[in-house]
Amino acid sequence: MNISTQNRRDFLKKSAIVTIAPGVLLYSIAQAHNAERPVTSATRWGMLIDTNKCVDDCTACLNACTEEHGLTENVPAEVKPVWIRKVTLRDRQTGKESSLPVMCQHCENPPCVDVCPTGASFKRDDGIVLVDRHTCIGCRYCMMACPYKARSFVHEVLENQKPHSPRGKGTVESCNFCVYRIDTGKDPACVEACEAKGHQAMIYGDMNDPDSEISKKLKEMSSSVLRPDLKLNPGIRYQGL
Amino acid sequence: MKILKNLRKLGFGLLLVTTVVGASGEVPMPEIPKAKQNFSAEQSCIEPTDIMRRQHGTFLKHYRNDTTRRGIRAIQYNLVACINCHVTADESGNYPNVHKGSEHFCRSCHSYAAVNVDCFQCHTSQPQESFSSDMGPVQSD
Ligand code: SF4
Ligand code: SF4
């Protein structure tokens with residue numbers, strides 16, 4: 001008994017050295033080659049959608065999303081992935097209809113993160129809510145917790161995924177704000193598509209930066225969030241609702 | 001003491017199995033496809049080959065967290081870059097299947113070592129069409 005305990009300790013000691021040493025080495029390599037820093041909470045990414053500019057039958061943002069993330073698998077309609085959809089809201093009192101794109105609202109207090117048993121649903125320091133598919137077990141608690149119906153589950157084996165947007169069977173996914181584009185200074189695909197159509201209904205930017213276009217607009221115009229009663233403080237805001 | 005004895009027996013058993021398989025040639029050595037380019041004149045990959053062989057899994061796993069969770073993307077241990085450089089098309093322009101056969105770069109060794117590789121349930125196993133030679137395309141999630 002003693003012998004085996006001793007061996008185990010020795011083993012653990014040795015393995016710690018083995019794993020720590022390359023870790024330290026790696027870190028210095030990464031510093032030398034890497035100009036980029038981790039994201040911080042100094043930034044909060046957000047989007048302002050002007051429902052008056054959003055055209056009823058336009059699906060440019062939806063198509064761009066499908067193309068960008070390769071959401072093209074041939075599956076029955078009820079299990080098709082939906083990262084963004086067009087919703088028509090009608091004011092019962094006045095009859096005014098507004099058409100708006102709805103995607104993951106990148107909540108400041110995301111219920112999907114609260115319920116996730118593995119920590120796979122997480123919020124980046126800059127406010128983007130993501131699923132780390134490396135640790136997602138596909139339990140779908142987050143889908144039930146999300147009040148905006150923003151998440152989809154991949155039911156079938158996928159092939160030829162986009163290199164920048166990996167996704168696979170048995171995991172949950174949702175709008176990731178085209179995070180790899182944002183991190184390299186590009187606009188999300190939907191924003192780019194809306195602009196290319198000349199509709200300019202979507203602005204995105206850093207809501208913590210007082211000089212950003214989105215911050216200035218938010219200060220100037222009245223805007224609202226979907227289901228403010230839930231107090232989730234979404235990063236997606238709507239104007240003209 | 002008994003444990004030690006048993007361990008020795010087990011070790012001997014393993015040795016025996018290895019020898020038998022080796023001698024009968026049932027598991028042929030993997031034929032590893034050549035990469036598209038060398039990292040530098042002195043070095044074929046981003047780390048010396050023996051380090052890459054042993055540690056590529058650790059590199060990828062360590063940095064996937066940095067990229068996915070912390071948004072650090074200028075990382076050369078990058079699965080997209082590995083695939084872009086290491087996976088080559090055959091004469092008719094088709095890429096090998098990572099789930100079948102042994103022609104795919106990753107698969108060639110992983111079949112030999114009987115180690116399951118799960119990466120490609122989500123990540124594509126084929127190069128980007130617009131492969132640039134800078135060894136550092138956009139790092140995925
Ligand atoms: S909209 Fe849904 S999926 Fe997105 S952060 Fe909020 S709760 Fe999570
Ligand atoms: S499906 Fe995945 S991300 Fe959602 S709660 Fe379960 S483990 Fe977390």
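Every heavy atom of this structure was used, including side-chain atoms; hydrogens, water molecules and symmetry mates were not. Letters A, B, ... are given to chains in the order of the sequence lines, protein chains preceding strands, and every chain is numbered from 1. Quick caveat: nothing in here was measured; it's all calculated off a predicted structure.
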Pick from A:E159, A:Q161, A:R124 with the largest number of heavy-atom pairs that fall under 4.5 Å of chain B = A:Q161

Give the minimum heavy-atom separation between A:G168 and B:C122, together with the two atoms involved.
-> N-SG, 3.2 Å

Steps toward side-chain contact (heavy atoms from CB on, under 4.5 Å) verdict (A:F122, B:T68) = CA-CA 10 Å; A:F122 72 102; B:T68 311; 4.2 Å; yes

Beyond-backbone contact of A:D132 with B:R69, side-chain heavy atoms, under 4.5 angstrom = yes

So do A:V179 and B:R73 actually touch side chain to side chain, heavy atoms under 4.5 Å?
-> yes

Return yes when atom NZ of A:K86 has more than 12 non-hydrogen atoms of other residues, nucleotides or ligands closer than 6.0 Å, and no otherwise.
-> yes

From A:R167 atom CZ to B:H123 atom NE2, the distance as rounded to the nearest 0.5 Å = 13.0 Å

Quick check: are there more than 12 heavy atoms from other residues, nucleotides or ligands sitting under 6.0 Å from NZ of B:K61?
-> no

Is B:Q121 close to A:K169 at the side-chain level, that is, under 4.5 Å between some pair of heavy atoms?
-> no

Could you have a look at A:T135, A:V154, A:I128, A:N160 and say which one has the most heavy-atom pairs with chain B under 4.5 angstrom?
-> A:N160

With A:F153 via ring pair (Phe, Tyr, Trp, His ring centres under 6.0 Å) - residues at least two apart = A:H155

Part of A:V157 lying under 4.5 Å from any heavy atom of chain B | neither

Count the heavy atoms of every other residue, nucleotide or ligand shown that sit under 6.0 Å from CD of A:E67, and state whether that count exceeds 12.
-> no

